[in-house]
Structures are given as C-alpha cells and as structure tokens.
Peer 1: 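Once you've had a glance at the structure underneath, I'll fire off some questions.
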Amino acid sequence: MAQRAVRTGKSRYAGEREYEGTGRRGGYARMTEGNTARQLDVVTELQKPRRPREMDHVVKKNRDRAVYMNFGYVLFLTVSLLVAGYVLIGYIGLQSEITASVKRIASMESTLNSMKTANDEEVSRIESSVDLDEVRRIAITELGMVYPDEDQIITVPDEGNDYVRQVSDIDR
C-alpha cells in the first residue's frame with residue numbers, strides 16, 4: 001500500500017509546508033517541515049487560570065492517616081517501639097552469650113586435647129621405662145615367688161558385672 005501525500009496549502013509559519021496523507025492504518029498523518037521556531041503566545045499562556053494539581057493517591061492516603069493519629073495511637077506506637085527494642089536488645093545479648101560460650105568451649109576442647117596428648121606421652125614413657133622381664137626375674141629369683149598350681153586357681157561365676165566383690169573367705 002503506497003502512502004499518498006497531498007499538499008494542503010495551509011501554512012502557519014514562513015518556510016513551513018504541511019502535508020496530509022493516509023497512513024498505513026487509513027488515518028491521517030500530519031507532517032511539518034521547516035526550520036523556523038513556533039511563535040508562542042506567552043501572554044495568553046500566563047493569563048490562563050491554572051488548575052490545581054490533583055494529589056496523588058498515596059499522598060491523600062498518608063494525609064488521611066495523619067489525621068487519625070491521636071494521643072492514644074501515638075502512645076500505643078511508642079510502647080510498641082519500646083517493647084520491640086527491649087526484645088531485640090535481649091536477643092542480641094543472648095547471641096553474644098552464645099558466641100562467648102562457643103569460644104569458651106573451643107578453648108576448653110583445645111586444653112583437653114593438649115592434656116590428653118600429654119597424658120598419652122607420659123603413659124608411653126612410663127610403660128617404656130618398666131621392663132616386665134626384669135620384674136619377673138626379680139620376683140622369682142630374689143623374692144621367691146612361684147606360679148600357681150592348677151588346684152590353687154578358683155574360677156568365679158560371671159554375673160554380667162564388670163567386677164567381683166569378695167564378701168567372705170573363699171572355701172576350697
């Protein structure tokens with residue numbers, strides 16, 4: 001579809017040509033050509049009474065809400081703010097206590113691990129310093145100890161406990 005342009009011959013300003021033609025949708029499009037500035041009627045623009053600007057819906061809502069802020073409502077908001085502040089300060093205090101406890105536990109675990117390591121080293125040193133063969137030799141030769149015979153060994157029934165108590169003398 002070709003676009004038609006017809007010169008209207010109407011011109012508001014010097015050097016301006018106006019064209020009217022059919023656009024793609026069948027309506028009229030107005031094109032202006034020229035390099036001169038439009039002349040505005042400033043006096044009539046200033047003399048026109050201005051309409052007061054309509055308030056935004058949010059602004060109206062905030063102004064209406066501000067009207068309803070009486071003393072009771074302000075008191076309620078203040079008390080609510082104080083309660084929320086108290087709860088938050090308590091929460092922060094609990095968080096700091098938990099953090100301090102975690103640090104203290106980590107320090108104690110570190111101390112426990114170093115003490116376990118030192119204890120294991122000491123047990124190893126003691127076990128390596130004692131020669132069990134030498135103890136057996138001294139017990140048999142110098143102290144006269146002997147191994148027990150079969151008739152000297154008494155077997156005690158196991159009752160599921162880790163230890164046995166002797167409450168009276170053992171009869172043979």
Side-chain angles (χ1 to χ4, degrees), residues 23-25 27 29 37-38 40-172:
R24 286 187 178 176
R25 300 185 193 272
R38 295 186 305 147
L40 298 176
D41 192 7
V42 179
V43 176
T44 28
E45 289 291 324
L46 292 176
Q47 289 174 354
K48 283 184 185 177
R50 288 191 179 182
R51 283 189 327 193
R53 224 172 65 180
E54 290 187 28
M55 282 191 272
D56 190 14
H57 175 68
V58 177
V59 173
K60 280 184 181 179
K61 189 176 174 182
N62 286 341
R63 285 188 182 173
D64 291 342
R65 197 179 308 156
V67 170
Y68 295 115
M69 292 185 88
N70 57 15
F71 178 73
Y73 186 64
V74 171
L75 182 66
F76 168 74
L77 288 177
T78 304
V79 170
S80 299
L81 180 66
L82 291 175
V83 167
Y86 180 75
V87 168
L88 289 175
I89 288 172
Y91 177 75
I92 291 171
L94 288 175
Q95 285 291 92
S96 66
E97 286 180 21
I98 289 172
T99 303
S101 295
V102 166
K103 287 181 181 179
R104 189 171 56 246
I105 288 171
S107 170
M108 293 170 91
E109 284 178 346
S110 174
T111 304
L112 176 67
N113 286 337
S114 64
M115 290 174 81
K116 278 184 178 181
T117 303
N119 189 36
D120 290 344
E121 289 173 358
E122 190 66 23
V123 165
S124 173
R125 187 188 63 78
I126 290 171
E127 286 177 354
S128 66
S129 69
V130 175
D131 186 13
L132 294 179
D133 290 333
E134 182 65 21
V135 171
R136 182 173 161 257
R137 186 193 62 76
I138 292 173
I140 292 174
T141 56
E142 295 180 12
L143 300 176
M145 294 180 76
V146 292
Y147 284 103
D149 293 333
E150 285 294 322
D151 59 340
Q152 293 176 327
I153 299 174
I154 299 172
T155 306
V156 179
D158 183 18
E159 297 176 1
N161 294 336
D162 290 342
Y163 59 93
V164 176
R165 286 191 186 163
Q166 180 179 346
V167 291
S168 63
D169 290 336
I170 299 176
D171 295 328
R172 289 190 180 213

Peer 1: Residues in side chain to side chain contact (heavy atoms under 4.5 Å, CB included) with Ile98, at least two apart?
Peer 2: Gln95, Val102
Peer 1: Tyr91: which residues meet the side-chain hydrogen bond (donor to acceptor under 3.5 Å, both in side chains) condition with it, sequence neighbours left out?
Peer 2: none
Peer 1: Can you list every side chain to side chain donor-acceptor pair (under 3.5 Å) pair that touches residues 106-116, not counting sequence neighbours?
Peer 2: none
Peer 1: I'd like to check the side chain to side chain contact (heavy atoms under 4.5 Å, CB included) partners of Asp149; sequence neighbours left out, ordered by chain and number.
Peer 2: Asp151, Gln152
Peer 1: Could you state the interatomic distance from NZ (Lys60) to CG (Asn62), rounded to the nearest 0.5 Å?
Peer 2: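 Interatomic distance, Lys60 NZ to Asn62 CG, rounded to 0.5 Å: 13.0 Å.
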Peer 1: In chain order, what residues pass the side chain to side chain contact (heavy atoms under 4.5 Å, CB included) check against Arg125, with sequence neighbours excluded?
Peer 2: Glu122
Peer 1: About how many Å separate CD1 of Ile105 and CG of Leu112, when rounded to the nearest 0.5 Å?
Peer 2: 12.5 Å
Peer 1: Return all side-chain donor-acceptor pairs below 3.5 angstrom for residues 71-79, not counting sequence neighbours, or 'none' if the list is empty.
Peer 2:
residue	atom	partner	partner atom	Å
Thr78	OG1	Val74	O	2.8

Peer 1: Among residues at least two apart in sequence or on other chains, which ones pass side chain to side chain contact (heavy atoms under 4.5 Å, CB included) with Val130?
Peer 2: Leu132, Val135
Peer 1: If I take atom OG1 from residue Thr141 and atom CZ from residue Arg136, how far apart are they, to the nearest 0.5 angstrom?
Peer 2: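 Answer rounded to 0.5 Å: 10.5 Å.
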Peer 1: Between CG of Leu94 and OG of Ser101, what distance do you get to the nearest 0.5 Å?
Peer 2: 10.5 Å
Peer 1: Suppose we screen for salt bridge (Lys or Arg N to Asp or Glu O under 4.0 Å). Which residues come up paired with Glu134, at least two apart in sequence or across chains?
Peer 2: Arg137
